[in-house]
Amino acid sequence: MTDIINTAENADLKKTNFIHLQITDDLNQRKNNSRIHTRFPPEPNGYLHIGHAKSICLNFGIAEKFGGKCNLRFDDTNPTKEETEYVDSIMNDVRWLGFDWENRLYYASDYFQKLHDFAILLINKGKAYVDNQDAETISLQKGTPTRPGTESPFRNRSVEENLDLFMRMSNGDFDEGDCVLRAKIDMNSPNMHMRDPIIYRIMKTPHHRTGDKWGVYPMYDFAHGQSDYWEGITHSICTLEFEVHRPLYDWFVDHLMDSDYRPRQIEFARLNLTYTVMSKRKLLELVKDNHVNGWDDPRMPTISGLRRRGYTPESIRNFSDRIGVTKVDGVIDVSLLEYSVREHLNKTAQRVMGVLNPLKVIITNFPENETVELEAINNPEDESMGTRIVPFSKEIYIEQEDFMENPPSKFFRLSPGREVRLRYAYFITCNEVVKDENGNVKHLLCTCDLASKGGNSPDGRKVKSTLHWVSAEHAVKSEVRLYDRLFSDENPDGHKEIDFKQFMNPDSFKKLPVCYVEPFVKTAKPLDHFQFERLGYFNLDYDSTPEKPVFNLTVQLRDSWAKEQSKG
RNA sequence: UGUCCUGUGGUGUAAUUGGCAACACGUCUGAUUCUGGAUCAGAAGAGUUCAGGUUCGAAACCUGACAGGACAACCA
C-alpha cells in the first residue's frame with residue numbers, strides 16, 4: 001500500500017496475487033501472532049522441474065515479502081519411491097535458483113515417531129482403527145463420488161484391540177497388505193477423502209533415512225498437515241489437486257491443536273507449459289526409456305535441464321513473477337520463458353562471433369600470413385564489460401545462410417557484387433563464387449576495402465548488412481548442439497487416446513560437429529553464457545574438453561528475417 | 001446422479017474490494033542501429049462464458065444455466 005510507486009516501476013514483475021492478499025488479510029487479523037512461515041515440500045522421487053520452480057519462488061518469495069521464513073522439507077513417507085540421489089539434486093536446484101532455507105532443512109521422516117504417537121492418541125480417542133480387509137475390499141466399500149461408502153466390519157473394535165494390533169503392525173508381525181490403520185471419520189461424507197482414510201500402511205522396504213527402523217509408514221494426508229503444524233507453518237501452499245484434501249488436513253490439525261495457532265492450506269494452479277510435459281511420472285518415463293539423455297538433458301523442463309541449456313536463475317525467477325499465481329488451470333506459452341532468458345542474457349552475456357555452418361571466404365587483396373587484431377565490444381548493453389581483441393586474416397568463415405547467389409529483394413546480406421560489413425573488421429565485396437563439379441559453392445572470393453578497418457569507411461558510405469565471421473587460422477573448432485521443442489504438439493499429454501510420446505519432435509536435437517568460434521572462448525568454463533552475435537545465446541556444456549569445446553543453444557535471437565521468410 | 005474449484009483480448013495476469021477494463025508476452029506499423037538483436041514511438045485486439053436480478057452504477061454481489069477441471073492409489 002505504501003510503495004505504490006515502487007510497484008508501478010516494476011510493472012509486471014513482483015506483482016501481487018490472491019495468496020498475497022489472503023496473507024495480508026491474515027496479518028490484518030493478527031492470526032498466528034502475525035507470523036508468516038511457509039515451506040517447500042518436495043517428495044524426493046524425481047528431479048525438480050520448472051513447475052516446482054514456480055512453487056519455490058512463491059513460497060520463498062512470500063517469506064521474503066512478508067518478513068517470514070520458508071523451510072525446505074522432504075515429504076519422504078513412501079520408501080519405495082524415494083532416493084538420496086533425488087534429495088541431493090533437489091537441494092542443489094533450490095540453492096541454484098537462489099533460495100536459502102538456512103538451518104531449516106526438514107524431512108517428514110523426522111516426524112515418524114511423533115506421527116506414530118499421534119496415531120496412538122487417535123486410537124485412544126476412538127478416532128482410528130485397524131482394518132484387516134484387503135485393498136480391494138476397502139476400495140469397494142469406499143463407494144464412488146456419487147455413492148456413499150459402507151462401514152468396515154472392523155470399524156468398531158475396542159481401543160485395546162486396536163492398540164495391540166497397531167503395535168504388532170509396527171513391530172513387523174504382519175505382512176504388507178495384511179492390515180492398515182484408518183481414521184474413523186464418516187463413510188457417508190460427500191468428500192471421498194473423509195471416508196475413513198487410510199493413515200498407516202505396512203511397508204517392508206527400507207527407508208532412505210530411517211532404514212528398517214519402521215514397519216509402518218504414514219500416508220501423505222497423515223503426515224503433511226502435522227509436519228506443517230510441528231514446524232509452525234502458517235501458510236501451507238500446494239497445488240489444486242489437494243483442494244479436496246483440505247477438510248482432512250483441517251481434521252487432523254483440529255486433533256493436534258493446543259493453542260490458537262493453526263496452519264492454513266491454500267491451493268494454486270500448477271504450471272503447464274506448451275510443447276512439453278510436466279508430470280514427474282512422464283519425465284521419469286522419458287529418462288528411463290532413453291528418449292532423452294538423462295534428467296538434465298537440455299530439452300527437459302527440469303531445473304537441471306534448463307541450467308544445462310543455459311537458463312539463468314534470474315530468468316527463471318523473473319518468469320515465475322511474470323506468470324502470476326491463480327487458481328485457473330491454464331497453459332503458459334513457452335515463448336514467455338524464452339523471452340525471460342533473452343531479456344536477462346541480453347543484458348549480461350559476453351558477445352562472441354561463431355559460425356555454425358561455415359562457408360569459406362578468401363579475401364584476395366589481403367596479404368598472406370598477416371594477422372590484424374581488431375577491437376570488439378564485449379556487450380553493447382553493458383559498457384563495463386569492456387572490449388576484446390579478435391584476429392582477422394586472409395581466410396575467414398562466414399555463415400552459409402549469409403550468402404545467396406540469387407537473392408530475393410529483401411535479402412540484405414552477401415551476394416555477388418554486393419558489399420557488406422564484417423563486424424568490427426572490414427567492408428568486403430563478393431567478386432566470385434567458386435563451385436565444385438556438382439555446382440555446390442566451395443568458397444567465395446572477395447575483396448576488402450582496407451580503409452574500412454574497424455568496420456567503417458572513411459567516406460561514410462553505408463552497407464545494408466553486417467555479418468559475423470571467424471578467422472579460419474585462429475578459429476576454435478567446436479561442437480554445437482542445437483535444441484528445439486521436445487514435442488511437436490502444444491499439449492502432448494492432452495490427447496486421451498494418444499500416448500504423449502507419439503508427439504515427440506524427431507528434430508529436437510541436432511549436433512553440428514564442426515563449427516568455428518573466435519579464440520576468446522578458449523578460457524570459458526562449463527555453463528558460461530555467450531551470445532553468438534546474430535544467432536543466439538549459447539553456453540558451454542559439461543562435455544567440453546580443452547581440445548573441443550561443446551556449446552548448447554539456449555535460445556535463438558529474435559529473427560525478423562526468418563519471420564519475413566516464413567511469410568512466404 | 002454427488003461434493004469442491006474455475007471461467008477477463010491469441011496467451012498469462014490486473015482492476016485501490018461496486019465507479020465505468022490495465023499490464024506483459026505475442027502480432028502489426030514506423031524510427032534508429034556496425035547484431036534483420038537491443039532500444040524508442042505507435043497501432044490493432046476483450047466489454048469480462050451466457051441469461052436474469054440487486055444497484056444511479058456490476059468483471060466483481062445474488063440466482064440459474066453452460067463449459068472446463070479435481071475427487072473413487074495401502075502415491076504425493
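Letters A, B, ... are given to chains in the order of the sequence lines, protein chains preceding strands, and every chain is numbered from 1. Just so you know, these numbers use all the heavy atoms, side chains as well, and skip hydrogens, waters and symmetry mates.
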Can you measure [X] atom [atom1] to [N] atom [atom2] for me and round it to whole angstrom units?
X: A/E343; N: B/G37; atom1: CD; atom2: C1'; result: 14 Å
X: A/Y339; N: B/G37; atom1: OH; atom2: P; result: 15 Å
X: A/L140; N: B/C74; atom1: CG; atom2: P; result: 12 Å
X: A/H20; N: B/A14; atom1: NE2; atom2: P; result: 10 Å
X: A/N191; N: B/A72; atom1: CG; atom2: C1'; result: 11 Å
X: A/F532; N: B/G36; atom1: CZ; atom2: P; result: 17 Å
X: A/D221; N: B/C74; atom1: CG; atom2: P; result: 11 Å
X: A/H245; N: B/U3; atom1: NE2; atom2: P; result: 19 Å

Are there over 12 heavy-atom neighbours, none belonging to A/E401, within less than 6.0 Å of that residue's CD?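 Counting other residues, nucleotides and ligands, CD of A/E401 stays at 12 neighbours or fewer.
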Return the 5'-most residue of the pair A/L422, A/A135 with respect to RNA chain B, ranking by each residue's nearest nucleotide.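 Closer to the 5' end of RNA chain B: A/L422.
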Aro-ring/base stack A/W561-B/G36, d under 5.5 Å, angle under 30°: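 Yes.
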Taking the side chain of A/K327 as its heavy atoms from C-beta onward, which of B/U6, B/C74, B/C71 lies nearest to it?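 Per side-chain heavy atoms of A/K327, the pick is B/U6.
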List the atom pairs, donor and acceptor, that lie under 3.5 Å between side-chain atoms in residues 17-24 of chain A and the rest of the protein, sequence neighbours left out.
{"residue": "A/N17", "atom": "OD1", "partner": "A/I19", "partner atom": "N", "Å": "2.8"}
{"residue": "A/N17", "atom": "OD1", "partner": "A/H20", "partner atom": "N", "Å": "2.9"}
{"residue": "A/N17", "atom": "ND2", "partner": "A/H20", "partner atom": "NE2", "Å": "3.4"}
{"residue": "A/Q22", "atom": "OE1", "partner": "A/R264", "partner atom": "NH1", "Å": "2.9"}
{"residue": "A/T24", "atom": "OG1", "partner": "A/H20", "partner atom": "O", "Å": "2.8"}

Hey, is the side chain of [X] poking within less than 4.0 Å of OP1 or OP2 on [N], counting only N and O atoms?
X: A/R534; N: B/G36; result: yes
X: A/R558; N: B/U39; result: no
X: A/S139; N: B/A72; result: no

Distance-only side-chain donor-acceptor flag, [X] / [Y], under 3.5 Å:
X: A/H193; Y: A/D221; result: no
X: A/R39; Y: A/H224; result: yes
X: A/N318; Y: A/S315; result: no

Would you say the base of [N] and the side-chain of [X] have a donor-acceptor pair closer than 3.5 Å?
X: A/H193; N: B/A72; answer: no
X: A/E381; N: B/G37; answer: yes
X: A/R351; N: B/U35; answer: yes
X: A/R147; N: B/G2; answer: no

Considering only the [atom1] atoms, how many Å lie between [N] and [M], rounded to the nearest integer?
N: B/U27; M: B/A67; atom1: P; value: 34 Å
N: B/C74; M: B/G68; atom1: P; value: 29 Å
N: B/C28; M: B/C20; atom1: P; value: 33 Å
N: B/C40; M: B/U13; atom1: P; value: 26 Å

Quick test: give all pairs of protein nitrogen or oxygen and nucleotides 42-49 of chain B nitrogen or oxygen below 3.5 Å, distance rounded to 0.1 Å.
none

Taking the six-membered ring for Trp, are A/Y47 and A/Y86 parallel (under 30°), tilted (30 to 60°) or perpendicular (over 60°)?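 It falls in the perpendicular class, over 60°.
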Classify the ring geometry of A/F532 against A/F551: parallel below 30°, tilted from 30° to 60°, perpendicular beyond 60°.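 Rings of A/F532 and A/F551: perpendicular, as their planes differ by over 60°.
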Think A/R209 forms a cation-pi with A/Y107, using NZ or CZ under 6.0 Å from the six-ring centre and within 45 degrees of its axis?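 So A/R209 does make the cation-pi contact.
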Report the stems of RNA chain B as range-with-range entries sorted by first number; a stem here is at least three consecutive pairs, Watson-Crick or G-U wobble, both distances under 3.5 Å, and write none if there are none.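 Result, WC/G-U stems under 3.5 Å: B:2-7 with B:66-71, B:10-13 with B:22-25, B:27-31 with B:39-43, B:49-53 with B:61-65.
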